[in-house]
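So the structure is just underneath, and the comments pick up after that.
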Protein chains: 2
Amino acid sequence: METEAAVSFLEKQGIKPSYPRLRIYLYLHERKNHPSVDMIFTDLSPEIPTLSKTTVYNTLNLLMEKGIVQALTIEEKENRYDIDTSVHTHFKCESCGEITDIPGEYTNIELNLPAGFLPRERQLYVYGTCPGCS
Amino acid sequence: METEAAVSFLEKQGIKPSYPRLRIYLYLHERKNHPSVDMIFTDLSPEIPTLSKTTVYNTLNLLMEKGIVQALTIEEKENRYDIDTSVHTHFKCESCGEITDIPGEYTNIELNLPAGFLPRERQLYVYGTCPGCS
DNA sequence: GTATCTGCAAAACATTTGCAATTCT
DNA sequence: AGAATTGCAAATGTTTTGCAGATAC
């Protein structure tokens, strides 16, 4: 995604596209890894020397409020963030630690909840070994 | 579950059934809520005045190593613990906060992972409103 | 009496908050 | 100038670790 498109997307969502916000948004979009706050900070810090973790937190919380990003609780210790908010499964490799998107067509979930349970959202996390490690 | 049965179960799993361990195990077994460390500590503390959170953590980590308990990452801030390690779904009510077990027969998951992905375990978390709150 | 277990205090992290300085318009 | 944004430092909350004292066999 080019900078121009990102700027106008953020503006359309009511987010002022400051430089740190723009770079964090582009980072999520380009890597499509499922980064922790620390990964984003560590990767962008060399290129944006004044960047602070607080701004990374602020930006992610803002993107979440706007529904642009979702938080994953696939790790026990830290949150991960995903710019893909469509319905899909996450696979965490217990060997290399990598989190991979599994497209919706690989998983079919039939939810027939007992009466009165109204689902709004769901997350399927699968833990195991990825192709590179098996 | 009676104390006797719990004692012999723990011994069979190679866990010395000390008083705190026994009480924590019985707590998980009787309530079948999906408690945080703090919930266990707060609930048992009045009856076991010398109990410490460290011991709650130690005991839960021990039970997890032995495969008797599983950690749930359904909450963003804290781990929850479940003594039911069978395949089932967890429903978190966003209104009252309660986490409910949804038995396996209410959910059918067909996992057809891309080649090379070897699943070991999976967790399905559903977020919404429970019968009492809807 | 030796191993293990417990629990306090401190440390290690992740995340949030208060606030002053900076930036943008 | 005025409003929003950034980033430092401190606070908060969860979990782990080190270690001394207590407990169990």
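Lettering of chains follows the sequences in order, A, B, ..., and the numbering in each one begins at 1. All of these numbers come straight from a predicted model, not from anything done at the bench.
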Going by an N to O cut-off under 4.0 Å, is there a salt bridge joining [X] and [Y]?
X        : Y        : value
Lys16(A) : Glu11(A) : no
Lys92(A) : Glu75(A) : yes
Asp82(B) : Lys32(B) : no

In terms of base orientation, is dA3(C) syn or anti, with the syn window spanning 90° either side of 0?
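The base of dA3(C) is oriented syn (glycosidic angle within 90° of 0).
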
Can you name the closest pair of heavy atoms from [X] and [Y] and give their distance?
X         : Y        : result
Tyr27(A)  : Met39(A) : OH-O, 3.8 Å
Leu44(B)  : Ile24(B) : CD1-CG1, 3.9 Å
Cys130(B) : Phe91(B) : N-CE2, 3.9 Å
Thr85(B)  : Gly67(B) : CG2-O, 3.9 Å
Ala71(B)  : Glu76(A) : CB-OE2, 3.8 Å

Phe9(B)/Tyr25(B) aromatic ring centres below 6.0 Å
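Here the rings of Tyr25(B) and Phe9(B) have centres that are less than 6.0 Å from each other.
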
Using both distances under 3.5 Å as the test, list the Watson-Crick or G-U wobble partner of dT23(D), or none.
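No nucleotide pairs with dT23(D).
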
Report the base-pairing partner of dA3(C) (Watson-Crick or G-U wobble, both distances below 3.5 angstrom), or none.
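No nucleotide pairs with dA3(C).
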
Nearest-Å distance for atom pair NZ/C1', residues Lys53(B) and dC8(C):
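After rounding, the reported distance stands at 14 Å.
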
In whole angstrom, give the distance that lies between atom NZ of Lys77(B) and atom P of dT16(C).
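From Lys77(B) NZ to dT16(C) P: 7 Å.
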
Using heavy atoms and a sub-4.0 Å distance, could you list which residues of residues 55-66 of chain B are near DNA chain D? By number, please.
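Under 4.0 Å from DNA chain D: Tyr57(B), Asn61(B).
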
Within residues 30-51 of chain B: residues closer than 4.0 Å to DNA chain D (heavy atoms)
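Output list: empty, so none.
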
Test item: Val126(A) and Leu111(B) side chains (from C-beta on) under 4.5 Å apart, heavy atoms:
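In short, these two side chains touch, coming nearer than 4.5 Å.
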
Respond yes when some side-chain nitrogen or oxygen of Ser52(B) is under 4.0 Å from OP1 or OP2 of dG7(C), and no when none is.
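Yes, such a contact exists.
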
With a 3.5 Å distance limit and no angle check, can you tell me whether Ser36(A) reaches the backbone of Glu78(A) through a side-chain donor-acceptor pair?
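No; zero donor-acceptor contacts below 3.5 Å.
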
Give the residues of residues 4-28 of chain A touching DNA chain C, defined as any heavy atom closer than 4.0 Å, sorted by residue number.
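Within residues 4-28 of chain A, no residue comes under 4.0 Å of DNA chain C.
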
